[in-house]
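Letters A, B, ... mirror the listed sequences (proteins, then strands); counts begin at 1. Below, each value reflects all heavy atoms present in this structure, side chains not excepted, and no hydrogens, waters or symmetry copies.
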Amino acid sequence: MTKVNENTTAAKSDSRKTEINKALVFFDKAGVWILVVCLMAIGFIINPSDYFSVGNIRSILQAISLTGMCCAGLAYIVYSSNMNDMSLPMTIAISGMVSIQLVPFGIVVCIFGGLLTGTLVGIINGFMIGKLRANPIIWTLAFNMVLSGIARVAWGGSQIYPDVVAGGNEAALATAETFNQLARTYFFGGSVSLMMVVMVVMFIISYFIMTHTKFGNQLKIVGTNYETARLSGLNVVRIITLSYIICSFCASVCGLFYASMRKIGSYDNGMGYDFSCLTAVLLGGMTLLGGKGSMVGVFGGVLAVGMLNNVMTLIGISTFNQYLVTGIVFLLIVWLNTKSARKLGRA
Amino acid sequence: MEKKIALQMKNVSKRFPGTLAVDGVDFEVREGEVHALMGENGAGKSTLMKILAGLFNDYTGEIYIDGNLCRLHTPMLAKEHGVGMIYQELSVARRISIVENLLVGRLPKKNGLFYDKKEAIRQAKELLERVGLGYLDPNKPISEISQCEAQLVEIAKVLGTNPKIIVMDEPTSALSSEEVQRLFKIIRNLKEQNLAIVYISHHLAEIFEIADTITVMRDGKKIKTYPVSETTNEQLIHDMVGKSVKEFYADRESHIGETMMEVKDFTRWGFFHHVSFELHRGEVLAICGLAGAGRTEIARSIIGVDPLDAGTIVKDGREGTYKDMTMAIKNGIGYLTEDRKVMGLALTQSVADNILVSIIDKLSRGGLYNPKNHGKIVEEKIEELEIYPPQPNRLVNALSGGNQQKVLMAKWLATDADVLILDEPTRGVDIGAKQTIHKAVLEYAKRGNGVILLSSDLPEVVGLADRAIILREGYITGEISGEEITESSLLMAANGEGKHVS
Amino acid sequence: MWFLESQDLKIEKILKEDTKMKMKKVLALILCAALTFGITACGGSKAPASTEEPAAESEAPAADKEEPAESDAGQEAGGDNLQASKDKLAAAIESEMTTDNKQLMADPIIKEIPEAPADPDSLPDDDKDKYFSMEYLDFAKEDQSPNLPESPADGCIGKKVTVIVHGDHAWTNAYMKGWTQAAEALGMEVEILSPNWDQAMQDQLIDQAINSKPDAIVVIPLSAENATQQFRRITEAGIPAFGSNTLTQSDALAYMEAWTGPDDWAQMRILADTLGEELGGKGGVCYITHNVGTSPYFARTYGPITEFKEKYPDIKTLDIQSPGFEAAKCKQQVADWITKYGDELNAIFLADDSDQVTGTIDAIKEAGRDDIVVVAAGNSKAGQDAVKAGDVRIINYQSAEGDGGLSARTVAAWFNGEDIPLVGYLTTDMITADNVDSFYPTQW
Amino acid sequence: MMKKKKFNISLINTYRSYIFLLIVLIFGAFSDNFFTMFNIKSLLSSTSLYTFIGIGFTVCMIAGHMDLSVGYMATAGALVVLGMHTLTGLPWAVSILIAVAVGAVVGILNGLLVTKAKIHSFIATLGMQYVIRGGMYIYCEGKEISVKGDYGLTDKLSSVPIKFLPFNVLFIITLICVIGFSIMLAYTRFGRNIYMLGGNLETAWLAGINSDRATIIVFMLSSMSCALGGALFGIFQGTATPTLGEKGIAPLMIAMTATIIGGTDIAGGKGKVLDTFISITAIVAMFSVVTSLLGKFEYQILLIGFVLALCVFYETLLKYIKQKEIGMRPNLIIKYHEETGK
């Protein structure tokens, strides 16, 4: 029955749902955190002594921090119902490359330059998608290719190293070293790294923006129904442009750390981040329809991906089988998300 | 001669999670009869007809067509049994050509495998001819024809399936009155061919004009069936509402003040030309005209959503135009859109979110904004408009149509704009909600604000408007005010006749 | 108002015309832009192409190229050319240096091939003989295809060679630099094409290369198995084919004049030996692999495993994983291993020395497990830096430029009519903290 | 004169893939040896894999869905066919059938996820990517599978049956599939129903088209086409690796790009397989021309990016301009013209 009547929009409005499946409500509230807790339990059973050790927790957080930074931004795109930013990989790559190229001018210029480049990508995307209403997937795909071409042509397809760029200049070499240390800065006796802190701070800021600012609340309406938002007096162009700028900014922060971690700037930095980040965001309970989900969920999604890999390695599942497990878990969670959203009238 | 029973539904029920939408209804339609199905929104009439069209596979009860018991579990089965349904919401594919829309699901075959394009076009032409659209090129996509034409294509599509029973769910909602007359001609024609027709509409006038029999439903149950000759307007409304509604529009005093807004020489070529009018404080100004006269377009240009070629707005001592809705709201103009589902509401968000959406800008402090701090405004509005159930966190999706419309109204009242443009504020809304909304509109005007009302519901215009300007083919052709506003004077003026046309 | 719209359809057309005029303008603009871009791109191409021509080496290379062995005059010219080429080759071998100041065109190493095992497929995974066909290019020169082109023996100067690499990578850039430098020194003209890791594209490029009829084609095959097909196509088109860098199936040698490249297996065995000594003959080792299924995958994973089994049977293989080349993923992998195996884990064997090294070192440092010995294959800058800093114990030296240089040398020698080995391996070395300084500046 | 103008514009819009091809060919004339039988034959046969993937992607997009699993499906097809033949020892025909059957199963799974579980196709097929990839790695244990010297069918595929045409057997099969799918889409009821699914799913369903079944079939056809393409490609190459779908500009990206350049509407209901095929040919030819003129891979990706960006930009701008005139009433314009005297 569900199949048939839900096929018509007319039927939806007729069905006033008062009887609500408790399990689905629970899933709707807790979302991917259920998976996180399950994974914790599994991890603890397999390796009771080390699983909750500082080392392991740190390794999980450290592993997800790059993806996490991107997801904190990508969530805005998904939330605004623009599906996905396919230009993420090149935003990551180009911001890293630019900042390495700027190493001779000091660390401030170098970081600022990298972030500015990423933001510029966001502005262009925002203009095309926010102002001209280009199809988000296809435009960002095309723009990714253009950026990729530009990056390859500009640097001749080679990798750039901060210390090589610095040349023999002492001050520049010091800057290069500072740059390389970005991803290797630790606090509290090595248990917390700068990357984790940045990621968590980005999530907290994102959470704050989403729930406690004008922009976040307006974005929710834009994501749910663009026309409604426009006719309710929201500046949709500015909101969507801003969401792309935030996304690209987050990606460029990720790009800086990525390059710093690799100690290399290259056009293949961030390859595959477009879909892997989307996977995490969707796991976190956002839907492509937009306007649904929260930053808490997205953080859960990112965490779940990291923990899944961790647990699978601990169990001893090989890389090949990991793909299969990831795929099935992903489909399962997304299915439950979709189902609960439908049953609760959120989709 | 007693006509044969074409359709008989016995003890039909349909349950949605939590509600019994149709509760043991018996329903009969005879051949060559136009059977009107009436009831408030949510009375279950649309659901009953959807059962007939095969949209649900889990209804209970028995349906007999021509005396045979049928199981109508898919649209295909319903079609095979000769049920044709014209839906309230257009179900045409806009990018696809007219011919394929007309013949969807039954494209003629040739050589067993391929589809016969020539034959398809011939059939399409024939069908278009039947609804008076013979001049259209059937290869054009639907997106290139007008809304009214699309509605007629929809009707032609159903006629093409050679149904024995035709169900029309609010077929006239997008048609102008000439087209309604054309449609009625087609219906009479079909009647002569001994087809059974079920007609759902909120327009009492239409019902009394075309129907032979009326069945009234309320709360999923059948209330009564009577021939149209044996009933009256009042009786019908009484049965539908379940309580007597003597005077729908209460008498009211208007306090018309000074001019608060002036629209000067508005022109968007191809849509409307040299439109000028002024709006006074406390006034409800109706802009009337047939469908396609340019009412909505004017509104959209005023608020800056659509472009404008010439003209200015004078308001609060400033002259100019607004470049977008944000600016319009800042200048105290609100616009209640006609289609709440597509343009009006964010359906999957809560009532509170929807009510506050237009004032986030105003409520935010330095970019910060927390919806939780503004629950008071929401509660106020919920109370004012009697939104039921009164839960700010309920999803709008989970409200009935009338309550959704109230939320939309609440959203605009919350903005504190002093001019509200209401585009079809009560379309497809039950009588109770209609009353609440009307009361709110009058209250609002009483406080010294101006209302521009765009409505095709003539009784509504008559009941609310202090003054009406008549728009015809993009030009203002006349103005009626005060007591002279009656349904007939409005209709005459809209059609370019009568003394009010200048 | 349907009846009104029927009035005049012409007007509608006029209206459309207006829209379409706008469209046309936009389209015209776009086309113009595309054309200008194309033209500038074309113009741009001419400039770099000219730099690839030998600067002032040969007097009349074009004439030589066209008639290799026709007229007497040609013969004579060929003879002169041959002598000049031979001199040039001899001089270049001595003089040309790589970025890290090693000989660009060092002598190839020729490896002894042991007896082939009977049924390698039935052996267990850690048996050395199972990988016999991968480790040794066991092919007799007599079995080569009869269609194989004969050397014109008229000197390498002025010869046009097309090199098809496997894809874009920093390594490839170094390789290409080596090839171009060598070709310049030897007076050869070289065109390098890259299919960007795409098998279909490489096939197409090979066809394209055959089509433009160069004097020789050098291929780094993307797939060991498909290589046979590729080389067969080239040979059958009457063009001499040379294999480079990536190991192929041994039957591919039937269609090759020669194969040159690094001896991954031997290098890995030396590396494993050194590591085995370091560990004192016992301990647990984890492996991060190269791209699954490729020849370096087997060489850099099963090379050490089989070597350990033979010489240090107490060294255990704990886990083999393929997290790819992303530093962050390798880091997580290693961190997970440290959690899982704890003190059992004594050494990590990496198939790549840039990102994998970066990630691994970070993980080890974070966990404070300085006792874990890391060894890696390859010699990128990242790897060498890590060795210098003492984070990685050993990496093997495998010159990318030298790889290109050796390939160029072999091709040149073939043109000069010299006798060249069918399989020639690149010289190798181990880089440790002691000698790392002699390998700077790095190639990539 | 008016009429002529209109003619031109609609031609350019409708046949933009052909124009793209034409421009590439004009540039091709500048490069040496472009217009030789050998080169053209090689170009055409290398369109094969992309074309099969493009067919799958286009059919899905016409039906209003996106199938992101196409690239991996092709890889799986190649691995299965070679695995079945070489490892299991089945004859070629049976192996190809099994590969296509695997495609059908994956397609049905995709379809079920989209129609029954109601997951957005973009997400469902994204998840399916991981599943196929995992399954593939498990099947071949990460190793390359090859025909092991059995080049009989490989040679047959690359042979040229008609002397004066640069078409080898692989390309002819590809062409037959393109034509077959074009006919299916344009001239059969099922084909027209696919357009209706993309145009308005509800209309299709209300009209009695079994939309769920049709959607599942669409996904099935898409995956089958990819599996067949992958299988043929595997045989043609004589080898397959599990990383086929990831290398270079991934086949998925090329298929996606070609589909857009070919004019398929991303919302569905509009598009042609033939146009996709033409764009793929143009893209592959462009790669070749760029390689011979500029010699570097970098420019290929830059140019294809530019072409795609231009197409998107053009379409967007067109929509942006057109938006202002939607609903304009011709009868009112007459009056306007009368009034202003224009």
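- Contacts between D:Thr154 and chain C at a heavy-atom distance below 4.5 Å involve the side chain alone, from C-beta outward.
- The distance from the OG atom of D:Ser146 to the CD atom of C:Gln229 is 10.5 Å, given to the nearest 0.5 Å.
- In terms of heavy atoms, C:Asp207 sits closest to D:Phe38 at O-CE2, 3.0 Å.
- At a 4.5 Å heavy-atom cutoff, D:Val307 makes no contact with chain C through either its backbone or its side chain.
- At a 4.5 Å heavy-atom cutoff, the contact between C:Phe298 and chain D is made by side-chain atoms alone.
- Taking CG from D:Leu43 and CG from C:Asn211, the interatomic distance works out to 9.0 Å, rounded to the nearest 0.5 Å.
- Contact count against chain D (heavy-atom pairs under 4.5 Å) is highest for C:Gln204 among C:Met201, C:Gln230, C:Gln204.
- Here the straight-line distance linking atom OG1 of D:Thr36 with atom CD1 of C:Ile210 works out to 11.0 Å at 0.5 Å rounding.
- Around NZ of C:Lys329, the count of heavy atoms belonging to other residues, nucleotides or ligands within 6.0 Å does not exceed 12.
- Distance check, rounded to the nearest 0.5 Å: CD of C:Gln202 to OG of D:Ser46 gives 13.0 Å.
- For the pair D:Ser42 and C:Gln208, the minimum side-chain heavy-atom distance is 4.5 Å or more.
- Neither the backbone nor the side chain of C:Ile206 has a heavy atom closer than 4.5 Å to any heavy atom of chain D.
- No part of C:Arg233 comes within reach of chain D, as not one of its non-hydrogen atoms sits under 4.5 angstrom from that chain.
- Partners of C:His166 under the ring-ring contact (aromatic ring centres under 6.0 Å, His included) rule, at least two apart in sequence or in another chain, are C:Trp171, C:Trp197.
- If you measure heavy-atom distances from D:Thr239 to chain C, the contacts under 4.5 Å come from the side chain alone.
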